[in-house]
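The structure appears right after this line, and notes come after that.
Hydrogens, waters and symmetry mates are skipped; everything else that's a heavy atom, side chains included, is used. Throughout, a chain's letter reflects where its sequence line sits, starting with A, and its residues are numbered from 1.
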Protein chains: 2
Amino acid sequence: MDSKHPAGRLPEPPNPIADDGDETHFCGTCAFSSACIAAGYNKPELAQLQCLVEHVGPFRAGEHIFRTGDPFRAIFAVRSGTVKTRMVDKEGREQVLGFYLPGEVIGLNAIYPEHFPCDAVALDTSFFCRFSFPAMSALASRIPAVQKHLFRLLSKELGSASLLAGDHSADERMAAFLMDLAGRYAARGFSATRFHLSMSRGDIANYLRLAAETVSRVLSRFRSQNLIRIEGRELELLNPDALRQLGQALLPD
Amino acid sequence: MDSKHPAGRLPEPPNPIADDGDETHFCGTCAFSSACIAAGYNKPELAQLQCLVEHVGPFRAGEHIFRTGDPFRAIFAVRSGTVKTRMVDKEGREQVLGFYLPGEVIGLNAIYPEHFPCDAVALDTSFFCRFSFPAMSALASRIPAVQKHLFRLLSKELGSASLLAGDHSADERMAAFLMDLAGRYAARGFSATRFHLSMSRGDIANYLRLAAETVSRVLSRFRSQNLIRIEGRELELLNPDALRQLGQALLPD
DNA sequence: CGTAAATTTGATTGGTCTCAACTTTCGTGG
DNA sequence: CCACGAAAGTTGAGACCAATCAAATTTACG
């Protein structure tokens with residue numbers, strides 16, 4: 001054990017799987033929470049919002065939430081678990097487009113083409129809130145706050161392409177990736193310094209446009225620099241400031 | 001003259017600057033056309049749509065349409081000219097996010113942050129239709145087709161990040177870039193095989209995450225392979241099929 | 001417990017960047 | 001109209017980071 005830390009094993013991090021028994025907490029951290037609140041928990045409109053939501057799942061690791069070419073009928077908020085979206089070109093090469101954590105929304109890029117342009121694959125056992133898009137649009141017409149919320153969701157996703165931008169080194173991209181995940185977990189109320197990487201090294205590499213071997217090497221280097229602790233897919237950020245510094249060119253602010 | 005083609009100079013391509021005297025044609029190719037049509041050219045709503053549109057310009061090459069941090073109040077449809085959007089990090093390094101041609105819309109990524117997250121810089125003398133976003137939202141609430149159109153615009157832009165995706169060779173990225181431009185010009189009624197590159201080699205390189213020298217080398221190679229003719233910024237695609245083939249991994253379908 | 005998949009680590013290769021020099025284009029003013 | 005300087009673009013040579021190839025090891029799972 002070359003780690004300077006006492007424990008031989010990383011303790012289990014808090015499991016970022018929403019408690020099905022705690023609707024209020026989950027909804028409070030969901031990307032739709034402000035829309036739901038705007039609709040009014042105590043107004044008749046809420047009933048309509050509830051109407052168009054359907055809880056779906058579980059999906060096991062590797063199962064598809066939707067597939068490329070499926071007709072677009074709904075968007076999905078991740079309720080628990082993790083999802084990757086990906087495209088597969090005709091030579092069979094996979095391209096990972098993004099990872100989605102509890103509270104985040106998938107499927108928005110299907111509105112225009114009216115068919116899903118990518119696959120969504122569960123990385124963990126996952127549950128979702130399914131929002132019928134026609135019903136959601138109709139509601140948005142009647143409740144400006146819901147419309148505004150949808151515009152904001154779409155616009156927000158437009159701004160999140162920056163991890164891939166620029167010709168940055170493997171270290172910069174990896175540091176930015178870890179800090180991005182940390183920030184997104186923190187935004188949903190989970191630990192920002194200890195979490196589980198639901199995706200494989202290969203998926204991370206693919207997403208960051210690196211080779212899987214490079215991801216492994218960078219993580220090893222970060223560990224030897226005491227920037228992180230990592231055992232398998234359990235991660236602890238030991239020096240978030242240094243990581244933020246490393247990835248600053250790719251991170252917001 | 002090492003070219004096998006008879007003419008010593010490339011003829012001037014059709015100038016993709018909308019004819020101000022031909023409103024109908026421009027609006028027919030604008031990204032908002034279907035919204036305008038949906039609003040109904042002969043209904044009272046059209047008056048409202050006209051109300052919230054303001055023609056702005058000219059902006060000369062190098063002038064800003066908006067700057068990072070400006071409060072978000074409107075989106076802009078390019079009426080004529082070309083625009084690049086870019087972010088500048090605190091070390092002063094520029095990152096080109098995209099190029100926008102006549103009929104395309106800029107500013108959508110500012111809805112969520114409520115401030116523009118990037119600069120928009122004219123590459124040509126340019127004119128715009130400015131759409132007040134609050135007014136547009138209000139109209140969208142009353143006219144479902146307008147709302148739908150905004151959703152589609154936003155979603156479409158989500159799907160257009162693919163040129164940057166993947167770790168592809170300089171040749172693949174350049175070929176895909178040229179074919180993407182060609183397709184977008186064609187969609188607006190301009191020539192798909194002869195057009196002017198309004199952006200510098202440096203801007204192309206930055207956008208494609210290459211060095212300017214690499215862009216220059218790739219274009220020279222394409223020329224020597226008779227895939228293109230290029231003189232300065234005047235471009236002719238001599239073998240679009242081969243270029244599409246080269247860039248297929250990055251192009252839709 | 002055994003096999004396949006994932007991960008780590010090492011050695012080598014290669015494509016693109018960097019540095020550098022030169023040419024061309026463009027805008028400006030004499 | 002031409003001269004001039006600055007910016008943009010081209011081309012070459014060498015260096016370097018990450019990809020690829022290869023192999024050992026660990027982990028996951030039936």
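Residues from residues 204-219 of chain A with heavy atoms under 4.0 angstrom of DNA chain C, sorted by number: A:E213, A:S216, A:R217.
Without hydrogens or angle criteria, B:R229 side chain to B:L238 main chain gives no donor-acceptor distance under 3.5 Å. Looking at B:E63, its side chain does come within 3.5 Å of a backbone N or O of B:R60 through a donor-acceptor pair. A donor-acceptor distance shorter than 3.5 angstrom exists from the side chain of B:N206 to the backbone of B:V96, with no hydrogens or angles considered. Of the possible donor and acceptor atoms, one in the side chain of B:R173 sits under 3.5 Å from a partner among the backbone N and O of B:L208.
With rounding to whole Å, A:R221 atom CZ is found 12 Å from C:dG10 atom P. One atom, CG of A:L123, and another, P of C:dA5, lie 18 Å apart when rounded to the nearest Å. C:dG14 atom C1' lies 14 Å from atom CG of B:D171, rounded to whole Å. Atom-to-atom, CD of A:E94 to C1' of C:dA6 comes out at 15 Å; the value is rounded to the nearest Å. For B:R223 and D:dT10, the CZ to P distance is 7 Å, given to the nearest whole Å. Following rounding to the nearest Å, A:R173 (CZ) and D:dC17 (P) show an atom-to-atom distance of 14 Å. Taking atom NE2 of residue A:H196 and atom C1' of nucleotide D:dT27, one finds them 13 Å apart after rounding to whole Å. Rounded to an integer number of Å, the gap from B:E231 CD to C:dC26 C1' is 16 Å.
Across the helix from C:dC1-D:dG30 to C:dG30-D:dC1, the helix axis at one end is tilted relative to the axis at the other end by 50° (nearest 10 degrees, each axis from five pairs).
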**OP:** Given side-chain contact (heavy atoms from CB on, under 4.5 Å), test A:L250 with A:F177 step by step and report yes or no.
**Re:** CA-CA 9 Å; A:L250 293 167; A:F177 174 71; over 6 Å; no

**OP:** Could you walk me through whether B:F72 and B:H115 pass the side-chain contact (heavy atoms from CB on, under 4.5 Å) test, one step at a time?
**Re:** CA-CA 5 Å; B:F72 172 66; B:H115 292 265; 5.7 Å; no

**OP:** Take A:Y207 and A:F99, measure what ring-ring contact (aromatic ring centres under 6.0 Å, His included) needs, and give me the verdict at the end.
**Re:** CA-CA 9 Å; A:Y207 175 64; A:F99 301 106; 5.3 Å; yes

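Each of A:F76, A:F128, A:F59 was compared with A:V83 under the side-chain contact (heavy atoms from CB on, under 4.5 Å) criterion, and only A:F128 meets it.
Judged as a salt bridge (Lys or Arg N to Asp or Glu O under 4.0 Å), the pairs with a partner in residues 195-209 of chain A (not counting sequence neighbours) are, in order, A:K84-A:D203.
Residue B:R233 is classed as a sugar-phosphate contact, given heavy-atom separations below 4.0 Å to backbone atoms only.
Here C:dT8 is the nucleotide among D:dG9, D:dA18, C:dT8 with the atom lying nearest to any side-chain atom of A:S220.
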